[in-house]
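Reviewing the structure listed below.
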Amino acid sequence: MTFERFTVKARQAVVAAQEQARLLKHDHIGTEHILLGLLAVPDGTAARVLHQLGCDKETALADITALATPGTKESSGHIPFAPRAKKTLEIALREAQRLHHDNIGTEHILLALVTEGEGVGAQVLAGRVAPISRVRAAVLASIEGPRDAPAAPWPAGTPATEDTVSTAGALAGGAPVGSHHLLEAMLRAENSMAARVLRELGVDPDAVAAKIDELDPETTTDANPEESAARKMEIRLVGDEVHLILRDPATVTVARKVTELSGGPIQGVGPVAGMFVPLWRSTHQLLLRIQGMLGPEPEEEDTAESPVAKAVRTVLAPRLRR
C-alpha cells in the first residue's frame, strides 16, 4: 500500500504498526497494531486524543495481548496488512474526504478504527473508552486545534521527470501511485535518461508490462484497496445491456446488505434516477476514453497527443485489446 496522501505522522504511525506486529511476532498487521502505531507517535493528533481519554500505549498493549496472543516465530521482511487493517486505511481516506481534508492524518486513521468497529483495535478502544462514540467526538473537537502537517511536496524535476510523474499518475487513475506505475512511465518517457539506460541494458518495456500483469501487487508494499478492487472489475456487453461488474468483497458485502434492505434490485425510477446519474456519467466517460485509446492515433499536428497522453496510450491500448 502506498501512502501518498498520508501526513508525515500518519506514515510514522503505519511504520510503527508494522514494528509492533513484528515485536508481537504476528504474521500480519491488524487493527490492533494500527492502534499501537498511533500511540507510538505521541505528538500526533490521534495519540493526544487517546491520552486525553485515558488510553495509553502500555494499557493498550496489555489489552491487545489478552485478546491476541503473541506469536512464537520471528517475522522477517514485509509483513502484510490483514483485511480489516486494509479496510481501516481505506475508511481513513473516506473520513478525510468527509471532513474536506486534503491529507490523511493520524486523526482520520483513529476515526477509521472506530468506524470499522469490529477489529481488535476497536474492541480495545471500546473496553477503555465507553461509549466508543466518545473517541469520535474527541477527535472532531480536536480538529479545531493543531492538525498533523502534510508531507513535503514533490521536489521540482526535469521535463522528463514531470512527464514520468504525470504518466504514472494517469496510470494510477486517481489511486495512490505505485512503483509499478512509475516503472512503466519511466520506460515509456520519450528521450528520458532513465528510458535510454533501461533500454540499453536490454530491458524490454513489453516484457516488463507482462510481468507486472502477472504479479499480484497485494503481496507487495504497493498494495492499496482502490487498485485491488479495480483489478476485479469488468465491463461486459450482453445483448443490448452493458454490465458493470464489481467483485471486491467490500462492495459485494454492501450490495448484499442493500439488496436485503430494498428487497431486490434497485432501479433508476423517478427521483431515484438522480442517484444513478454520477455512475452513468463516469461509466459513459470511461467508455468514451477507452474508445479513444483503441482508435487511431491523431495525425494532424494541431491534434497531436502530448507525451503523457501518448505514453498512457502505449501502456494501456495493448492491454485493452486482449
Pairwise distance CZ(R48) to CG(L110) - rounded to 0.5 angstrom: 12.0 Å

Side-chain touch L36/E32, heavy atoms, less than 4.5 angstrom: no

hydrophobic_cluster_shared for V124 and L23, side chain cutoff 4.5 Å: no

Heavy-atom donor-acceptor pair, H108 side chain to G105 backbone, under 3.5 Å: yes

Closest non-hydrogen atom pair, A82 against G30: CB-CA, 4.3 Å

Side-chain heavy-atom pair L279, L244 within 4.5 angstrom cut-off: yes

Greater than 12 external heavy atoms within 6.0 Å of R98's CZ: yes

Other residues, nucleotides, ligands: >12 heavy atoms within 6.0 Å of D216 CG: yes

Gap separating the OG1 atom of T59 from the CG atom of L50, nearest 0.5 angstrom: 9.5 Å

K257/E260 ion pair, N-O < 4.0 Å: no

Residues E95, T115; criterion side-chain hydrogen bond (donor to acceptor under 3.5 Å, both in side chains); working and verdict: CA-CA 9 Å; E95 292 286 357; T115 301; 2.7 Å; yes

Main-chain N/O of G178 paired with H181 side-chain donor or acceptor, under 3.5 Å: yes

Expected output: side-chain R313 to main-chain M293 donor-acceptor under 3.5 Å: yes

L294 with L171, same ILVMFWY side-chain cluster at under 4.5 Å: yes

Close side-chain approach of L53 and V135, heavy atoms under 4.5 Å: yes

Check: G119 main-chain N/O paired with E116 side-chain donor or acceptor under 3.5 Å: yes

Side chain to side chain, I109 and I91, heavy atoms closer than 4.5 Å: no

Evaluation steps, side-chain contact (heavy atoms from CB on, under 4.5 Å), between K9 and L38: CA-CA 9 Å; K9 296 189 190 304; L38 293 173; over 6 Å; no

Derivation of the side-chain contact (heavy atoms from CB on, under 4.5 Å) call for Q285 and R281: CA-CA 6 Å; Q285 290 175 346; R281 184 182 293 125; 3.6 Å; yes

Single-linkage hydrophobic cluster, 4.5 Å side-chain cutoff, L316 and L215 together: no

Test item: M186 and S192 side chains (from C-beta on) under 4.5 Å apart, heavy atoms: no

Rounded distance (nearest 0.5 Å) linking atom CZ of R134 with atom CG of L125: 11.5 Å

Pairing of R128 and D63 as salt bridge, 4.0 angstrom limit: yes

Side-chain ion pair, E184 and R319, N-O less than 4.0 Å: yes

Intermediate values then yes/no, side-chain hydrogen bond (donor to acceptor under 3.5 Å, both in side chains), T167 and T164: CA-CA 5 Å; T167 299; T164 298; over 6 Å; no

T106 side-chain N/O to T45 backbone N/O, donor-acceptor pair under 3.5 Å: yes

Atom pair CG (L246) and CD (E234), whose distance is rounded to the nearest 0.5 Å: 10.5 Å

Taking every non-hydrogen atom, the tightest pair across I104 and A92: CG2-CB, 3.9 Å

Within 6.0 Å of CZ in R247, more than 12 heavy atoms from elsewhere: yes

Nearest non-hydrogen partners of V203 and P205, listed with the distance: O-CD, 3.5 Å

Residue M233 excluded, over 12 heavy atoms near CE under 6.0 Å: yes

Shortest non-hydrogen separation from V14 to F6 and the atoms involved: CG2-CE2, 4.2 Å

Joint cluster assignment, V139 & V41, ILVMFWY side-chain distance < 4.5 Å: no

Expected output: side-chain R199 to main-chain A194 donor-acceptor under 3.5 Å: no

Candidate pair R5 and D102, rule side-chain contact (heavy atoms from CB on, under 4.5 Å), full reasoning: CA-CA 8 Å; R5 294 181 59 180; D102 295 329; 5.6 Å; no

V15 reachable from V8 in the ILVMFWY side-chain graph, under 4.5 Å edges: no

Approximate separation, where rounding is to 0.5 Å, of E90 CD and F81 CZ: 13.0 Å

Full working for side-chain contact (heavy atoms from CB on, under 4.5 Å) between H243 and I235: CA-CA 6 Å; H243 291 192; I235 297 177; over 6 Å; no

E200/R196 ion pair, N-O < 4.0 Å: yes

Intermediate values then yes/no, salt bridge (Lys or Arg N to Asp or Glu O under 4.0 Å), R231 and E227: CA-CA 6 Å; R231 281 175 175 262; E227 184 176 1; 3.2 Å; yes

D248 vs T251, side-chain hydrogen bond (donor to acceptor under 3.5 Å, both in side chains): CA-CA, chis, key distance, verdict: CA-CA 6 Å; D248 63 288; T251 302; 2.7 Å; yes

Donor-acceptor contact below 3.5 Å, side chain D222 vs main chain S179: yes

From CA spacing to verdict: salt bridge (Lys or Arg N to Asp or Glu O under 4.0 Å), K310, E190: CA-CA 10 Å; K310 185 175 181 180; E190 291 185 341; 3.2 Å; yes

Nearest heavy-atom neighbours spanning G121 and L35: O-CD2, 3.8 Å

Side chain proximity check, K57 to Q20, heavy atoms < 4.5 angstrom: yes

Euclidean distance, R188 CZ relative to L198 CG, rounded to 0.5 Å: 11.5 Å

Taking every non-hydrogen atom, the tightest pair across C55 and A60: SG-CB, 4.4 Å

